[in-house]
Amino acid sequence: MRNIMQPRFLVLYGSQKGQAQSIAEGIAEDAQDNGLVAELKCLNQTDEFNLEKENAPVVFIVSTTGDGEPPDNALKFVKDIKTKTFSTDHYKHLCYALLALGDTNYANFCNCGKTIERPAVLNFSYADDGVGLEVVVDPWLEGLWKAIKGALSKMASNWTTGPPVGNCGIESVKTQTGHAGDPQEGSLTHSLPPLSESSLNVPALPPPYLDVSLEDVDTMKEVRTFESVCKVPICRAVQLTRGDSVKTALLLELDITAHTTLAYEPGDSFDVFCPNRDTEVEEILSKLGLREKRNHSVHVSLKKDTKKRGAQVPSYIPQNISLLTLLTWCLEIRSVPKKAFLRALVEHTGDSVQRRRLQELCSKQGTADYNLYVRDPSLSTLELLTAFPSCLPPLSLLIEHLPKLQPRPYSASSSRLKHPGKLLFVFNVVDFPECTGRWAGKRGLCTGWLFDLINRGLDFPGRVERSGSLTLPMVHVSLRSNGSFRPPSDLTVPFIMVGPGTGVAPFIGFLQQRYGKQENPDVVFGETWLFFGCRHKDRDYLFREDLEGFVSSGVLNHLKVCFSRDDQEQEKEEEKKVTTSVARPRYVQHNLLLNSQYISDILLKQKGYIYVCGDAKNMAKDVNEALIEMIKTQMQVDQLEAMKTLAGLREEKRYLQDIWA
C-alpha cells in the first residue's frame, strides 16, 4: 500500500518488443527514490485509468511498429483517439509528458506518438533507434523528475484554478553522439582517456524479478512453442546470383497446398520462425555452466519480494519447457544487450578491470563507446559474454533481459494465379563482418539457417536439375496480411514500382497477377513502370528473364535498369579514351529523375501509384529525395510545398513502401 502522503503520477505505455515497456517500468521503479508513487498501466488496460478525470501528471511511453502502426497493446487506445471526434481542448486539463520511440530509417517515424499527440493536446520527445534511443532517452529521463515535481507543486499551489495545461516541461532533446578515441586503439574491452579516467554516471541496478529453477524429469512432454503457425516444406531452392557476386540471393518455393490460412495476395509478407543456432545455444549453456542440464524442465515464477513495478513472467515462456527449447526457440540470444542489461551484468563480473569496462559501456559518459563497440556492429549477448570471461550471469538474468525471439518477415514474390499452392520468396544471405568482440564473421540468424537447410539441394544458374530424392526441409510460417501494399484494385490505374536488388521481389508477384488477368479482353490496363538496379548485369540481375518476358507480353510497359558497378567501370574506360558522354544512371533514383516528367504526370495528373521496396537506410531515402526534387521541378514549387504534396500521396495511400533497415 502506498504512502498516502506521497504524490502520485500515472505512467502509460504501449510497447511491441518491450523497449517502451522497459523504459516505463524503469520510471515506475525510480519513482520511490524521488519521493513519488507511480501507477504503471498498459494502454490496453483502459478500464483501469480514466484520462477524462485524471488530475495527476501523466507520462506516455509509446513505440511504433510496422508501417507506422501502434503496438498491439496500444491499438485500441489509438483507434479510439483517431475515430472519436474530440474538441481541441478535450484533454486540456491534463499535465503530461510523452516519449515516442521510432526509427528514422522508416517513413512514418514515431507515428504512434504523433497520433496520440493531436493538436493542442500533447507535446512529445522522440527517440530514434536509427542513431541510438539512449541519445534522447537518457537526457529526457534526467529532466523528468524535476518536471513532474514542478508540475505537482504548481498543482498544489494553484488547485483552485485547475492543474497546469500542456506538457510537464520536458522539452525535445536533440543530441548528437560521436565516436570517442581512436577505434584502432580502443576496443570493446579496452577504453581510452578521457573515458578511462572519468567518474561515471552509472544507471541504477535493475531489480531482479524472476525466480528460475531447473527440474530433472525422466520424460517431459514438450509444449508447443508456436501458435497459429503452419509447418510447410521447402520444395525448391534456386541461387539467383552468380557465385562471384558480392551478395548471395536465394529463391525459395514453399508448398502451402495443405494450408488454407496462407491464402496470400501479391504485396503480402509472411513470418518465418527460425531457431537460434545450435552452436550458439551450446556456447550459452557452457557459459551458464548448464550443459549437463539442457534437458531439465525450466520453472519460472515471480520473486515474492521483487521491487520491480508491474513485474510479470514473460508470456512467451511456457511452463514445463526444457532449457534447450527455451534457449533455442524462445529467447533472442543474438539481441544487442541494452545498457540496463550491461548494468546488471556488472554485478556478476569477477575481474575488476572487466567490471570497470562494463560500467563504462552502460554509463552516460560511455555512450559513444557503447554505440561504437556494441550497438553499431550488432554485438550479441553471447559475443559480449565471450569478451568478458569473468562475467558469469545466472539463467534468471538472461530470461529477465533477453527479448522474445522474433520471427523474420519476408515479402511474397509470387502470385497464386501463376503458382497455385505455392509461396515463393527471395532473400540475400546476410553476413556480419568480424569486429572487435566478434572474432569471426557470421551469417544472419534466419538467412543463415535457411541457407543451411537448403544448401545440399540448391539449384545454381545453368546447373543441371539435381537427381535423386532428398527429404524436404520444413519451416514454420504465418501470414502477415498487408492491406495497403497491393497493386491498385482498379486495373486501369497506372503505377510505378521501385525495387533494386531483392526489393524487386513483391513486384514479381504484382506482374504475375496482372498477367493472369490479361485474359479478359474487355479490360484496359493502366501503364506500368519498374525501376530495378543492382551491381553487375551478369552477376546479380535478379529475375532478368521474367522481367524481360513481362515486357514482351505487354504486362510491363517500361523497364528501367541500372548497374552501379558496371556503369562505373565503363565510365572509367571512356574517360581513358577521352570521350565525352552523358553520365549513365547508377542508381534507381537517377533513373527516376531521368523520367521525371512521365513519373510526375502519373502521380500528379493521372492519380497513379508508386511502390518502393528495399533498403530503408539509403535507397528509400534517396528515392524520397528524388521524388521531392521531381515535384519541385514539375510543379515549380519550393521544398516545403513539394514535401506537402508527397505527404499527401502517402495519406492517399498512393505512395507506399515495404522497406527494411
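Scope of the values below: all heavy atoms of this structure, side chains included, with no hydrogens, waters or symmetry mates.
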Residues [X], [Y]: salt bridge by 4.0 Å N-O rule:
X	Y	answer
E282	R294	yes
R242	D538	yes
R480	D271	yes
R416	E265	yes
K247	D431	no
R544	E548	yes

- Would F273 and H476 satisfy ring-ring contact (aromatic ring centres under 6.0 Å, His included), going step by step from the backbone distance to the final call? CA-CA 5 Å; F273 293 78; H476 294 87; 7.5 Å; no

Please check if atom [atom1] in [X] has more than 12 non-hydrogen atoms from other residues, nucleotides or ligands closer than 6.0 Å.
X	atom1	value
E652	CD	yes
D278	CG	no
Y598	OH	no
K293	NZ	no
K418	NZ	no

- Give me the one residue out of L405, I284, L382 that meets side-chain contact (heavy atoms from CB on, under 4.5 Å) with N276. L405

- Please name the residue in the list D566, T241, D244 that meets the side-chain contact (heavy atoms from CB on, under 4.5 Å) test with R539. D244

- Query: Would you call the rings of Y410 and F425 parallel, tilted or perpendicular if under 30° counts as parallel and over 60° as perpendicular?
  - Reply: tilted

Indicate whether any N or O donor in one side chain lies under 3.5 Å from an N or O acceptor in the other, for [X] and [Y].
X	Y	answer
T325	S322	yes
Y264	S414	yes
D658	S411	yes

Nearest-0.5 Å distance, [atom1] of residue [X] to [atom2] of residue [Y]:
X	Y	atom1	atom2	answer
R291	E283	CZ	CD	9.5 Å
C446	F451	SG	CZ	14.0 Å
L472	L254	CG	CG	11.0 Å

- Note on the structure: Exactly one of R514, Q513, Q512, K517 clears side-chain hydrogen bond (donor to acceptor under 3.5 Å, both in side chains) with S415, and that residue is Q513

- Message: For Y655, does the six-membered ring have the charged nitrogen or CZ of R650 within the cation-pi criterion, i.e. under 6.0 angstrom from the centroid and within 45° of the normal?
- Response: yes

- Query: Does K560 make a cation-pi contact with F531, if we ask for NZ or CZ under 6.0 Å from the ring centre and within 45° of the axis?
  - Reply: no

N/O donor-acceptor pair under 3.5 Å between [X] side chain and [Y] backbone:
X	Y	result
S22	G18	no
S413	L424	yes
N595	N591	yes
D540	H536	yes

- Show the numbers, then the answer: is there a ring-ring contact (aromatic ring centres under 6.0 Å, His included) between F550 and Y515? CA-CA 8 Å; F550 290 135; Y515 182 84; 7.1 Å; no

Do [X] and [Y] come close enough that some side-chain heavy atom pair is under 4.5 Å?
X	Y	value
Q406	Q16	no
I234	M474	no
T381	R334	no

- Task: Please test N428 against T248 for side chain to side chain contact (heavy atoms under 4.5 Å, CB included), starting from the C-alpha separation and ending with a verdict.
- Result: CA-CA 5 Å; N428 284 325; T248 301; over 6 Å; no

- Query: So which heavy atom on S484 is nearest to which on L656, and how close?
  - Reply: O-CD1, 3.2 Å

- Note on the structure: Closest non-hydrogen contact found for V430 with T447 is N-OG1, 3.1 Å

- Item | Counterpart residues, side-chain hydrogen bond (donor to acceptor under 3.5 Å, both in side chains), relative to T528 (two or more places apart) | N557

- Check: F543 ring centroid to F532 ring centroid under 6.0 Å: no

- Query: F485 and Y611: aromatic ring centres closer than 6.0 Å?
  - Reply: yes

